[in-house]
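Nothing here was measured: the structure is a model prediction, and the numbers come from that model.
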Amino acid sequence: MVKGELPSMIVTLGGLFTARGIIYVWTGGSVHNFSPAARAHPMTRLFGGELFGIDAAIFWLIAVATILSLLLWATPFGNRLLATGGSRESAESRGVRTDRIKIAAFILCALLAGFAGILTLCHQPQTHVTLGENMELEAIAAAVIGGCLLTGGRGSILGAILGALIVVSFRYELIALGAPSSWYITFIGAVLIVAVIFNQKLARFLGHSA
C-alpha cells in the first residue's frame, strides 16, 4: 500500500470486505457467545463492565483520546504525521521519512481497531459476522463531520469524537421516532457528502490543500 502508492482507503475497505467474507465462510454466519466463566472473568469486566454506574468503555475512550491527542499535538511524530497528510512532497523535502510515518499510522489504526473490537465483545459478549456492519461508513462520516480532511493534513481527536456523538445521537433519535433503518443509512450518506464539500471549501478558504 505504501510502496505501491495505492489509495489507503480503497485498500482498507477491500481488506475489510475480504476479511468479513472469509469470516462468514469460516463460521457459517453462526453466533458465538462467551461462556459464563468468560463473562465473569476480571478482564471482561475491566473492558466491558461498569464503574460508578458508567460503562468502562467511556473511561477507555477518555484515556485513549487523551493519549492520542498528546501524541498528535505534542510530539515530533504528530507533527510529521500531519505534515505527511498535508503534503507528502513538502514533508519529504524537510527530511520526514513519510513511508515510515504512514506505516506507523496504519499499525496504530489496526491496534485501535482491535482494541475497539475487544471493548465491543466485552460489553456485548457475542460474535457474529454482521457485528459492526456499516460502521466503516459511520466512522468515516464521524471523522469528516468532526473536521478531518479525507486527503489528510487536518483534523483532531476531539473533533472525531464529537462527530461520532452526532452520528450516534441521530441514530437513536430516529429509533425513538420509529423511523425505518434505511433513513439512517440515507442520513449517513448525505451528511458525508455535505461534510466533505464543506471541509474542502473551508480548507481552501484557510489556505490548505484539499
Is there a path of hydrophobic side-chain contacts, each under 4.5 Å between heavy atoms of I, L, V, M, F, W or Y residues, that connects [X] with [Y]?
X	Y	result
M43	L119	yes
F170	I166	yes
L108	L81	yes
M135	I161	no
L112	I118	yes

Within this structure, what is the [atom1]-[atom2] distance for the pair [X] and [Y], rounded to the nearest 0.5 Å?
X	Y	atom1	atom2	answer
T84	R100	OG1	CZ	13.0 Å
T98	R80	OG1	CZ	12.0 Å
R45	C122	CZ	SG	12.0 Å
I101	F106	CD1	CZ	11.5 Å
F59	F52	CZ	CZ	6.5 Å

Looking at every heavy atom in both [X] and [Y], which two are closest together, and how far apart are they?
X	Y	answer
C148	G155	SG-CA, 3.8 Å
I145	G163	CG2-CA, 4.0 Å
S93	S90	OG-O, 2.5 Å

For residues 52-70, the salt bridge (Lys or Arg N to Asp or Glu O under 4.0 Å) pairs (sequence neighbours left out) are none
Apply the test salt bridge (Lys or Arg N to Asp or Glu O under 4.0 Å) to residues R171 and E138: give CA-CA distance (whole Å), side-chain angles for both, the deciding distance (0.1 Å), then the verdict. CA-CA 10 Å; R171 177 204 294 169; E138 293 181 28; 2.6 Å; yes
The ring pair (Phe, Tyr, Trp, His ring centres under 6.0 Å) partners of F77 (sequence neighbours excluded) come to none
* Any side-chain heavy-atom pair of R88 and K102 under 4.5 Å ->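 Yes, their side chains come closer than 4.5 Å.
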### Message
Under a 4.0 Å threshold between the charged nitrogen and the carboxylate oxygen, would R20 count as salt-bridged to E136?
### Response
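A salt bridge links E136 with R20.
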Quiz item: Taking everything shown except E173 itself, do over 12 heavy atoms lie less than 6.0 Å from its CD?
Solution: no
Table please: side-chain donor-acceptor pairs of residues 60-75 below 3.5 Å, with sequence neighbours left out.
unit_1 : atom_1 : unit_2 : atom_2 : d
W60    : NE1    : L46    : O      : 3.2
T66    : OG1    : I62    : O      : 2.7
S69    : OG     : A65    : O      : 2.8
T75    : OG1    : L71    : O      : 2.4
T75    : OG1    : G78    : N      : 3.2

